[in-house]
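Letters go in sequence order (proteins before strands), and every chain restarts at 1.
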Amino acid sequence: MATAGSVANAAAAAKFWDYFQQQKETINALAALSKEDASQKIRELDSSLREAFIYLPPYDQKRLSKDLDELRGQHHQQRAASKQQGFKFKSAVVKPNNALTTMSSPVTSEQPSSVNGDAHMSPSSAGPSHKYTGISDSWIAADMLSSLDKVDSPGPTDCELRDITNSVVDLRPISHSLRALNCHRIQSSIVICGPFAGSMTVRDSNSCVFVLGTRQFRLENSQGVDAYLHCTSHPIIEKSTGIRFAPYPMELRTPRIEQEFYTTQLSLQPNSFDRVDDFNWLKRQASPNWSIQQPTTLPSADVWSLLDDTSKPREKLVQALLPAK
Amino acid sequence: MGLLSIIRKLREKEKEMRILVLGLDNAGKTTIMKRMNGESIDTVSPTLGFNITTLDFDGYKLNFWDVGGQRTIRPYWRNYFEQTDGIIWVVDSADRERMSDCALELSSLLKEDRLAGASLLVLANKQDIAGALSESEIQSAMQLNQHVTHHWAIKACSAVTGENLLEGLQWLVQDIAAHIYMFA
């Protein structure tokens, strides 16, 4: 019976092979006349091929699937080419009643330019809730009142720091409402933040200190950064070197911060500050790009207390806390 | 008839869809997947590699491939393109600075031959944040109106609150079903 079955299969397979070749020619001929009919035929051929899988030998299955893929690819290219031509004719008609498209049409469609994007965004959106950019040699203490007109919105907010040099930024007063903190181009500066249930991203920064509690910590393209974290997931680094990790300092865990750790539920999860993933180091051996700070190199309580010193001793703090170059 | 071919036939009968979840890092891809799967989102680490999630939805079996979006591993996205029925493109609506980056990645993705025919769902995530861009702002930032090669839809959503995730998925599954299982 097995022999009879395999003979029948072989006959069916040969028959299907002929049918497939014949359909292929039809489709190629059709492609020049009607794209729709051709794609319909391709779909039909696809489903009959799938049905035939049950008796086709493996070689035929592979070969015919590949043929069909090629056929589909050719057809798709032709279609795309003809569509582009058709689009040109149509666009002249469509343009007037589509104001948005007309506005953006001077810019080539290939490269979404940021200028163009901003133009679209500016009318209705005010930007991040808290934003500090282009700051140097200063001591910034964030507070809810100074941050735009978002005071009345008790909901979650985000914060952006950009181009900050030689400064101290204290975000503790606003941190509990944050869902995102994005830092870009921070140089020789210290950023202090309480716990928040969201994500932190640092890009293109060097010789900085970040103190915060967060769900996610990402560091990209940075050098010489010290991070003091309570992080409920694996912190990651990418294209970065000389990065040191340490736990959120006990000295800064005042009753208020402790309360925020509780309300943001960060304290319910273990601190994974030391389980760092380096995206540029997939070997089993330890990555040379980051390390855990030894207890002996951690800043003393005196240094942390400078943060709450009313005289705001910026230079003293920067000198004591920043990683040596 | 071999056992293997019977099994294969049965699998064909089972309505499976393969959905690729992509987007820049920190967009919330994994968080969205965890939320849809009813898991905790408190300890989601940035994805190094990929996660597979399978959901039964509307009589279909959905296989989600959630691939990490960090810059270093974006070149590996193409390893996952084969046989994709649908793409979910996740956007961090609060990340204005990288909006043009995001649009660029999306447009190069859509030029990919192997993704031709896949339906595209854009999720404008993180709507829970006060400063997030709206659905229409994301739509124009991603220049979706100029993408004529794929069926697409956009939904403003939040992985934290779960808002609109189901609606988006519903559209995607129906759109895929309409062109894949038309002969079934």
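Atom CG of D69(A) and atom CZ of R114(B) lie 11.5 Å apart (nearest 0.5 Å). Remark: E97(B) CD to T201(A) OG1 distance equals 10.5 Å, nearest 0.5 Å. Separating the CG atom in N26(B) from the CE atom in M200(A) is a distance of 11.0 Å, to the nearest 0.5 Å. Interatomic distance, CD of E220(A) versus CG of D25(B), reported as 6.0 Å (0.5 Å rounding).
Taking 4.5 Å as the limit, every side-chain heavy atom of R203(A) sits out of range of all side-chain heavy atoms of R71(B). Side-chain contact check for S158(B) versus R179(A): every heavy-atom pair is 4.5 Å or farther apart. A 4.5 Å side-chain heavy-atom check between V44(B) and Q216(A) finds at least one atom pair inside the cut-off.
When each of Q269(A), R218(A), R215(A) is scored by its heavy-atom pairs under 4.5 Å with chain B, the top score falls to R218(A). Taking chain B as the reference chain and counting heavy-atom pairs below 4.5 Å, the highest number among N221(A), D158(A), L266(A), L178(A) is found for D158(A). Taking chain B as the reference chain and counting heavy-atom pairs below 4.5 Å, the highest number among S199(A), A180(A), G73(A), G198(A) is found for S199(A). The candidate with the highest count of non-hydrogen atom pairs below 4.5 Å against chain B, out of P235(A), C231(A), S233(A), is S233(A).
Between A130(B) and S129(A), the closest heavy-atom pair is CB-OG, 3.9 Å. Here the closest heavy-atom approach between residue I129(B) and residue T157(A) is recorded as CG2-C, 4.0 Å.
Only the side chain of L282(A) comes within contact range of chain B, judged by heavy atoms closer than 4.5 Å. At a 4.5 Å heavy-atom cutoff, the contact between N182(A) and chain B is made by side-chain atoms alone. For R162(A), the part sitting under 4.5 Å from any heavy atom of chain B is the side chain, from C-beta outward, and nothing else. Looking at T47(B), the atoms closer than 4.5 Å to chain A (heavy atoms on both sides) all sit in the backbone: N, CA, C or O. In this structure, the portions of I41(B) lying under 4.5 Å from any heavy atom of chain A include both its backbone and its side chain.
Between the side chains of E238(A) and T72(B), a donor-acceptor pair is found at a separation under 3.5 Å.
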